[in-house]
Amino acid sequence: MIRTRFAPSPTGYLHIGGVRTALFCWLFARRHGGRFILRIDDTDQQRNVQESLAPILEGLKWLGIDWDEGPEVGGPFGPYYQSQRTALYEKAVEALLRDGFAYRDYATAEEVQAEREAAQAEKRDFVTSRRWMAETPEQQARFEAEGRQSVVRLKMPREGTLVIDDLIRGRVEFQWAREQDHVIQRADGSCLYHLANVVDDRAMEISHVIRAEEHLSNTPRQVFIAQSLGYELPAYAHLPFVAEPGSKVKLSKRKLDKYLKNRDFAKLLEHGQQIAQAIGLATPPEEFNPVVVDFYRQIGFTSEAMVNYLALLGWSLDDRTEHFRPSGLIEHFSLDRVNRAPASFDPVKLLAFQDAHMREVPLADKTVMVLPYLQKAGLVPAPAGADVEARVAQLLEAAGDRVKLAGDILDYADFFTADAELTYDEKALEKRVCKPVDAVELLTRFRSVLAQCEPFDPPTLDRALHEFVEAEAIKVGQIIHAIRVAVTGKGVGLGMFDTMAILGRESCLARIDRTLELVGNRPAG
RNA sequence: GGCCCCAUCGUCUAGCGGUCUAGGACUCCGGCCUUUCACGCCGGCAACACGGGUUCGAGUCCCGUUGGGGUCACCA
């Protein structure tokens with residue numbers, strides 16, 4: 001039975017790099033009919049674990065990364081919170097101590113630090129001196145008489161080679177002598193990450209440890225713990241990490257300021273902020289930015305696009321296939337097609353995937369996606385009536401692929417604002433209505449055409465305009481831009497006939513009247 | 001600095017010794033379409049880090065150099 005796990009610590013948000021790791025673990029388990037386990041790394045015992053965990057669980061659920069065992073669902077190997085498994089770790093420490101694979105160390109932090117600095121000053125490798133190692137009760141008593149406290153350290157081998165057959169990296173060798181006597185238990189009895197990790201992986205029968213490359217150097221000490229405890233080793237697969245946009249440096253939530261200097265990144269954030277602002281969403285920088293998965297959910301990305309993009313960040317099927325549904329990923333995923341080099345996160349390409357996936361969303365579903373944005377922006381009532389929904393669907397259809405994220409619907413807010421409150425883009429008004437000599441005249445005449453047009457739908461409007469153009473002996477371009485500015489306030493927008501039909505006759509006439517009034521009141525020029 | 005990992009267009013990647021004058025995608029730049037924008041269509045720019053080997057033949061294997069990155073906690 002294949003069992004993989006993702007072990008996030010409750011930090012309050014789900015990071016792009018982290019979720020990519022989770023995705024690969026999940027994909028691997030699903031591909032092989034195994035189980036995917038979620039285990040919470042809360043060994044540092046924060047106060048509000050549940051609160052800090054919620055966004056992480058929410059993010060995974062949104063992406064469809066479901067777990068077979070873990071928080072909320074339980075499972076036969078629980079509890080799934082490391083803070084509740086301390087007895088297991090303590091037992092492991094005792095066993096290690098008993099069998100001579102670990103020892104009590106009475107050195108103070110300062111003494112260790114001094115040794116480390118001395119080694120550095122002499123340019124030689126630091127190796128734990130074991131000067132304060134106590135292996136007998138007598139030694140312990142002596143150190144304790146000095147008022148010293150002890151931690152437990154691993155008694156690492158001082159010779160030999162460790163060979164790891166990594167499923168992604170292949171054969172990797174380490175010299176045991178380079179390893180330190182790592183601390184596994186603090187003076188207060190609490191245990192450290194690596195010990196807990198190894199113990200839990202074994203207890204939960206994890207078959208494949210799939211994690212980011214940064215853990216590769218930690219593997220020897222974990223192997224030592226596992227072997228000393230008589231465990232069978234899991235298979236290891238170290239994923240390349242997700243790098244900053246346009247760089248090979250690991251993506252980090254701490255370096256937002258730096259990323260904002262990246263044009264694409266800044267643009268995406270700005271786009272997101274505009275949507276957030278319109279719907280009254282608070283945007284604390286540490287939670288609302290393109291390194292955090294929730295950012296994408298909030299502004300209306302589809303989870304399918306996200307998953308598709310993330311999967312291709314380090315994995316590929318072949319030289320041409322790149323659009324996958326989650327089921328396709330599960331069908332084809334394999335660790336031997338995972339790349340070894342880090343992949344940098346490219347917001348522009350993510351957007352391209354989003355664009356492609358959004359086209360696949362049926363109109364009815366898209367309407368459901370988009371409605372909450374209009375409601376939160378106060379543009380349509382909640383709940384929306386059937387007539388509003390129909391109108392939104394009509395708008396969506398006219399907008400086509402211009403609405404790339406659900407939040408993009410807010411680009412068309414003007415369809416929902418009162419005619420009297422429509423604002424006009426000054427430059428567009430000047431260029432399309434004021435400046436052309438006959439624009440006002442034509443607009444006035446076309447207004448009466450609209451007043452008569454029946455039914456008020458795109459084909460009829462199309463016909464009416466063309467007849468008008470012919471009768472006036474002008475070109476379409478001479479009137480259509482003026483109409484656009486008059487009824488939408490902007491120089492760019494959807495197809496003109498769709499636009500007018502969605503607005504309806506009443507709004508079109510009212511808006512044209514407003515425009516004529518606005519322009520008429522200006523000094524000629 | 002020690003150890004470890006990595007190295008194909010700007011980015012994601014295909015390539016598992018010959019079919020590579022290196023393929024696809026995103027971006028970018030032209031052009032077409034056109035009522036604006038977006039889309040679409042056509043075309044274009046753009047890469048095997050370097051040096052040695054091995055081989056009849058190397059992007060593909062080996063070694064070295066260079067470059068980049070990760071890691072060296074009583075954090076996870």
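Proteins get letters first, then strands, A, B, ... in listed order; numbering begins at 1 in each.
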Discussion item. Strictly below 4.0 Å, N to O, side chains only: are A/Lys155 and A/Glu135 in salt-bridge contact?
Written reply: yes
Discussion item. Nearest to the side chain of A/Leu313, heavy atoms from C-beta on, is which of B/rU35, B/rC12, B/rC39?
Written reply: B/rC12
Discussion item. I'd like to know if A/His194 reaches the base of B/rA76 with its side chain, counting only an N/O donor and acceptor under 3.5 Å.
Written reply: yes
Worksheet item: When the distance from CZ of A/Phe353 to P of B/rU13 is rounded to whole Å, what number comes out?
Response: 11 Å
Worksheet item: Which nucleotide in the set B/rU35, B/rA76, B/rU27 lies at the smallest distance from any side-chain heavy atom of A/Val348?
Response: B/rU27
Discussion item. Using heavy-atom distances to pick each residue's nearest nucleotide on RNA chain B, tell me which of A/Asp125 and A/Cys191 is more 5'.
Written reply: A/Asp125
Worksheet entry | Check: B/rA25 base within 3.5 Å donor-acceptor of A/Lys349 side chain | yes
Discussion item. The side chain of A/Tyr193 is closest to which nucleotide in this list: B/rG69, B/rC26, B/rA76?
Written reply: B/rA76
Worksheet entry | Counterpart residues, side chain to side chain contact (heavy atoms under 4.5 Å, CB included), relative to A/Ser247 (two or more places apart) | A/Glu244, A/Val249
Worksheet item: Among B/rC6, B/rU35, B/rG70, which is the nearest nucleotide to the side chain of A/Val249?
Response: B/rG70
Practice prompt. Give a yes-or-no answer on whether the side chains of A/Tyr193 and A/Thr43 include a donor-acceptor pair shorter than 3.5 Å.
Written response: no
Worksheet item: Within the structure shown, what part of the strands sits under 4.0 Å from A/Arg337 by heavy-atom distance: base, sugar-phosphate, or nothing?
Response: sugar-phosphate
Response to the item:
Out of B/rC75, B/rU71, B/rG15, minimum distance to the side chain of A/Leu192 belongs to B/rC75
Item to complete: Please work out if A/Phe241 contacts a base, only the sugar-phosphate, or nothing of the nucleic acid, heavy-atom cut-off 4.0 Å.
Response: sugar-phosphate
Worksheet item: Think A/Arg20 forms a cation-pi with A/Phe24, using NZ or CZ under 6.0 Å from the six-ring centre and within 45 degrees of its axis?
Response: yes
Practice prompt. Output yes when A/Asp181 and A/Arg158 qualify as a salt bridge under the 4.0 Å nitrogen-oxygen rule, no when they do not.
Written response: yes
Fill in: A/Gln354 side-chain N/O to A/Thr302 backbone N/O, donor-acceptor pair under 3.5 Å
yes
Discussion item. Measuring to OP1 and OP2 of B/rC12, would you say a side-chain N or O of A/Lys248 lies under 4.0 angstrom away?
Written reply: yes
Worksheet item: What about A/Arg402, does its side chain sit under 3.5 Å from the base of B/rC37 through a donor-acceptor pair?
Response: yes
Worksheet item: Checking all strands, does A/Ala121 fall into the base, sugar-phosphate, or nothing category for heavy-atom contacts under 4.0 angstrom?
Response: nothing
Discussion item. Any strand counts, and the cut-off is 3.5 Å on both contacts for Watson-Crick or G-U wobble. Which nucleotide pairs with B/rC28?
Written reply: B/rG44
Practice prompt. Please state the P separation for the pair B/rG64 and B/rA7 - nearest whole angstrom.
Written response: 16 Å
Worksheet, complete the sentence: The residue, A/Ala109 or A/Ser247, whose nearest nucleotide of RNA chain B is more 5′ is A/Ser247
Worksheet entry | Under 4.0 angstrom between A/Ser344 side-chain N/O and B/rU11 OP1 or OP2 | no
Worksheet item: In terms of side-chain heavy atoms of A/Ser217, which of B/rA76, B/rU71, B/rC39 is nearest?
Response: B/rU71
Worksheet item: What nucleic acid atoms does A/His215 come within less than 4.0 Å of, heavy atoms only: base, sugar-phosphate, or nothing?
Response: base
Worksheet item: For the pair made of CG in A/Leu310 and P in B/rC12, what is the distance, rounded to whole Å?
Response: 14 Å
Worksheet item: Nearest to the side chain of A/Leu216 - B/rC4, B/rC6, B/rU35?
Response: B/rC4
Worksheet entry | Nucleotide of B/rA38, B/rA76, B/rG24 approaching A/Lys404 most closely (side-chain heavy atoms) | B/rA38
Worksheet item: When you look at NZ of A/Lys255, are more than 12 heavy atoms from neighbouring residues, nucleotides or ligands closer to it than 6.0 Å?
Response: yes
Worksheet item: Taking any strand in view, what nucleotide pairs with B/rC9 in a Watson-Crick or G-U wobble way, both distances under 3.5 Å?
Response: none
Worksheet item: Taking A/Gln185 for the side chain and A/Gly189 for the main chain, is one N or O donor matched with an acceptor at less than 3.5 Å?
Response: yes
Worksheet item: B/rA73 phosphate, OP1 or OP2: any side-chain N/O from A/Arg116 under 4.0 angstrom?
Response: yes
Worksheet item: Which base, if any, makes a Watson-Crick or G-U wobble pair with B/rU60, both distances under 3.5 Å?
Response: none
Worksheet item: Taking atom P in both B/rC39 and B/rA25, what distance in whole Å separates the two?
Response: 16 Å
Discussion item. I want to check one thing: is the phosphate of B/rG24, taken as OP1 and OP2, less than 4.0 Å away from some side-chain N or O of A/Thr321?
Written reply: no
Fill in: Watson-Crick or G-U counterpart of B/rG2, or none if no pair lies under 3.5 Å
B/rU71
Practice prompt. Once you apply the 3.5 Å cut-off to both distances, tell me the Watson-Crick or G-U wobble partner of B/rU55, or none.
Written response: none
Discussion item. Looking only at the side chain of A/Arg186 (C-beta and beyond, no hydrogens), which of the listed nucleotides B/rC75, B/rC12, B/rU35 gets closest?
Written reply: B/rC75
Discussion item. Under 4.0 Å, counting only non-hydrogen atoms across every strand here, what does A/Asn339 touch: a base, just sugar-phosphate, or nothing?
Written reply: sugar-phosphate
Worksheet item: With both distances under 3.5 Å as the test, what is the Watson-Crick or G-U wobble partner of B/rU21?
Response: none
Discussion item. So if I take every side-chain heavy atom of A/Arg359 and compare against B/rU36, B/rC39, B/rA14, which nucleotide ends up nearest?
Written reply: B/rC39
